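The structure appears right after this line, and notes come after that.
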Protein chains: 2
Amino acid sequence: MNSTRLADFMPYRMAITSNAVSGLIAGEYRSEFGLKIPEWRIMAVLGDAGSLTQRDLVQATLMDKVAVNRACKVLEERGFVHRSPNEHDGRSHHLELTTSGRDLHGKIWPQAVETYEKIFSAITPRELEKLRAILDKLLKAARAIEGDDK
Amino acid sequence: MNSTRLADFMPYRMAITSNAVSGLIAGEYRSEFGLKIPEWRIMAVLGDAGSLTQRDLVQATLMDKVAVNRACKVLEERGFVHRSPNEHDGRSHHLELTTSGRDLHGKIWPQAVETYEKIFSAITPRELEKLRAILDKLLKAARAIEGDDK
DNA sequence: ATAAGATCGTATCACATGAAACCAGAGGGG
DNA sequence: CCCCTCTGGTTTCATGTGATACGATCTTAT
């Protein structure tokens, strides 16, 4: 019998930890602002990048285009983003934060960062850098393998 | 404007990487054995621990009890696990791998480990240890905060 | 100019998932 | 012994999500 336990299996630990961290942040802004993860991501990107089309958002967030569409729709209904026609392409629109959207973004992002810092204060800056480097390598490796058999 | 980009946000990176790794492993045994993640986890734990009740499985896997129940049901239907009455408690049953279940487990787990090793060969043993330690700290920190405001 | 094909966004469907209701049995008092 | 509560397991329901199909528009080749 293989001695490796599920609880010690690295991918499993990564998943658990990642979920705990994301869940914590997600929980805060869900309860406080009523935003779900996809919506929050859109807000984050729009607040950072200015005016984008849905297509751009798909690329930026790595989310499904359906998810992007839905998130944009509710954000629009709630008055956080504004759609304006795209003069260069009749199919798509430009999306950007409204004043109230920008306002929300101004509160929400620092809040996420604050929670993040609370958690990550458990490790040293050196460790943080190490973590970043390691995750980078793993991601590259995973993508490389994925690419192989396709 | 806050200069931190979503793509650089650590929790985001963790999620992306973790998904890439898990997804890769999940993809393999889904296409090869037709097992979904919850089912695979149950197999892994049962193969490791022997005979357990659903309640034990919930505790061991941290999965929802509904998810556990569903996974057990399909595994039973496919003949990989066997239910026997629990003499000490008429409500629950003992679950254990059948011969064919044990057989499958014998193939599936090494396969997962192999894929895991392929990915994690991208980092050194020292880095792996470092990663384990860092994740541990983060998980503890997250859990501590979670516990606070509840 | 027109037809063919690609692309963006939207709607529809089928399935996965979690919450809550539910049932049967266990565990204690009284 | 009976009642009340608790708990393991199952079912149901409401919601979320991705794959797919679709319509409109853009692009390209003829």
Side-chain angles (χ1 to χ4, degrees), chain A residues 15-16 19-20 22-24 26-27 29-31 34-42 45-46 49 51-78 81-96 146 150, chain B residues 15-16 19-20 22-24 26-27 29-31 34-42 45-46 49 51-78 81-96 146 150:
Chain A
I16 295 281
N19 282 347
S22 306
L24 204 50
Y29 58 68
R30 186 179 57 228
S31 64
L35 290 182
K36 300 182 200 143
I37 295 159
E39 287 145 28
W40 178 79
R41 282 195 186 167
I42 298 294
V45 174
L46 280 185
S51 173
L52 299 174
T53 68
Q54 284 188 192
R55 190 192 171 287
D56 297 331
L57 288 170
V58 166
Q59 199 177 1
T61 60
L62 298 182
M63 292 170 18
D64 189 89
K65 68 177 181 172
V66 179
V68 168
N69 182 315
R70 283 194 268 247
C72 290
K73 198 153 45 164
V74 330
L75 288 176
E76 194 188 358
E77 279 161 9
R78 295 184 54 186
V81 317
H82 175 70
R83 290 174 115 89
S84 48
N86 182 346
E87 59 281 7
H88 299 309
D89 189 332
R91 294 168 301 181
S92 67
H93 303 86
H94 291 303
L95 298 167
E96 57 190 337
E146 197 178 60
K150 273 223 166 164
Chain B
I16 295 281
N19 282 347
S22 306
L24 204 50
Y29 58 70
R30 186 179 57 227
S31 65
L35 290 182
K36 298 179 202 149
I37 295 161
E39 288 145 26
W40 179 79
R41 281 196 186 166
I42 299 295
V45 173
L46 280 185
S51 174
L52 299 173
T53 68
Q54 284 188 192
R55 189 192 171 286
D56 299 330
L57 288 169
V58 167
Q59 198 176 1
T61 60
L62 299 182
M63 290 169 23
D64 189 89
K65 69 176 179 172
V66 180
V68 169
N69 181 308
R70 283 195 266 247
C72 289
K73 199 154 41 165
V74 331
L75 288 175
E76 195 187 358
E77 279 161 9
R78 296 184 54 185
V81 317
H82 175 70
R83 290 172 115 92
S84 48
N86 181 349
E87 59 282 6
H88 300 307
D89 188 332
R91 294 168 299 181
S92 68
H93 303 84
H94 291 303
L95 299 166
E96 58 190 335
E146 197 178 61
K150 273 225 165 163

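The sequence lines fix the lettering, A, B, ..., with proteins before strands; numbering per chain opens at 1. Hydrogens, waters and symmetry mates are skipped; everything else that's a heavy atom, side chains included, is used. If you're wondering where the values come from, they're calculated on a predicted model, not measured in any experiment.
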Note to self: Could you tell me how far apart D64(B) (CG) and dC13(D) (P) are, to the nearest whole angstrom?
What the structure shows: 18 Å
Notebook entry, point to check: Roughly how many Å is it from NZ in K65(B) to P in dC23(C), rounded to a whole number?
Noted result: 14 Å
Notebook entry, point to check: Between dG9(D), dT12(D), dT10(C), which nucleotide has the shortest distance from any of its atoms to the side chain of T53(B)?
Noted result: dG9(D)
Check: Rounded to the Å, how far apart are K73(A) NZ and dC8(C) C1'?
Finding: 15 Å
Next item on the list: Measure from NE2 on H88(A) to C1' on dC26(D) and round the result to the nearest Å.
Entry: 14 Å
Only distances under 3.5 Å count here; give the side-chain donor-acceptor pairs of residues 55-71 of chain B to other protein atoms, sequence neighbours excluded, each with its distance to 0.1 Å.
unit_1 : atom_1 : unit_2 : atom_2 : d
D56(B) : OD2    : T53(B) : N      : 3.1
D56(B) : OD2    : T53(B) : OG1    : 3.1
T61(B) : OG1    : L57(B) : O      : 2.7
T61(B) : OG1    : M63(B) : N      : 3.2
D64(B) : OD2    : V66(B) : N      : 2.8

Note to self: Using 0.5 Å steps for rounding, measure from the CD atom of E39(A) to the CZ atom of R30(A).
What the structure shows: 11.5 Å
Notebook entry, point to check: Whole Å only: how far is the CD atom of E77(B) from the C1' atom of dT10(D)?
Noted result: 14 Å
Item checked: Protein-nucleotide distance (L52(A), atom CG; dC8(C), atom C1'), rounded to Å -> 15 Å
Checklist line | Pairwise 5' ranking along DNA chain C for R70(A) and D89(A), keeping only the more 5' one | finding: D89(A)
Notebook entry, point to check: What is the nucleic acid contact for K36(B), judged by heavy atoms within less than 4.0 Å: base, sugar-phosphate only, or nothing?
Noted result: sugar-phosphate
Checklist line | Gap separating the CG atom of L35(A) from the CZ atom of R41(A), nearest 0.5 angstrom | finding: 13.5 Å
Notebook entry, point to check: If you measure from CG on L95(B) to CD1 on I42(B), what distance do you get to the nearest 0.5 Å?
Noted result: 8.5 Å
Checklist line | Under 4.0 angstrom between R55(B) side-chain N/O and dC6(D) OP1 or OP2 | finding: no
Notebook entry, point to check: Say you draw a straight line from CG of L75(A) to CZ of R83(A); how long is it, rounded to the nearest 0.5 Å?
Noted result: 10.0 Å
Notebook entry, point to check: Starting at the 5' end of DNA chain C and moving along, which residue's nearest nucleotide shows up first, N69(A) or R91(A)?
Noted result: R91(A)
Notebook entry, point to check: In whole Å, what is the span from the CD atom of E39(A) to the C1' atom of dT17(D)?
Noted result: 14 Å
Check: Atom CG of L62(B) and atom P of dG18(C): how far apart are they, to the nearest Å?
Finding: 13 Å
Margin query: With a 4.0 Å limit, can you tell me whether Q54(A) has a side-chain N or O closer than that to the phosphate oxygens OP1/OP2 of dT10(C)?
Written below: yes
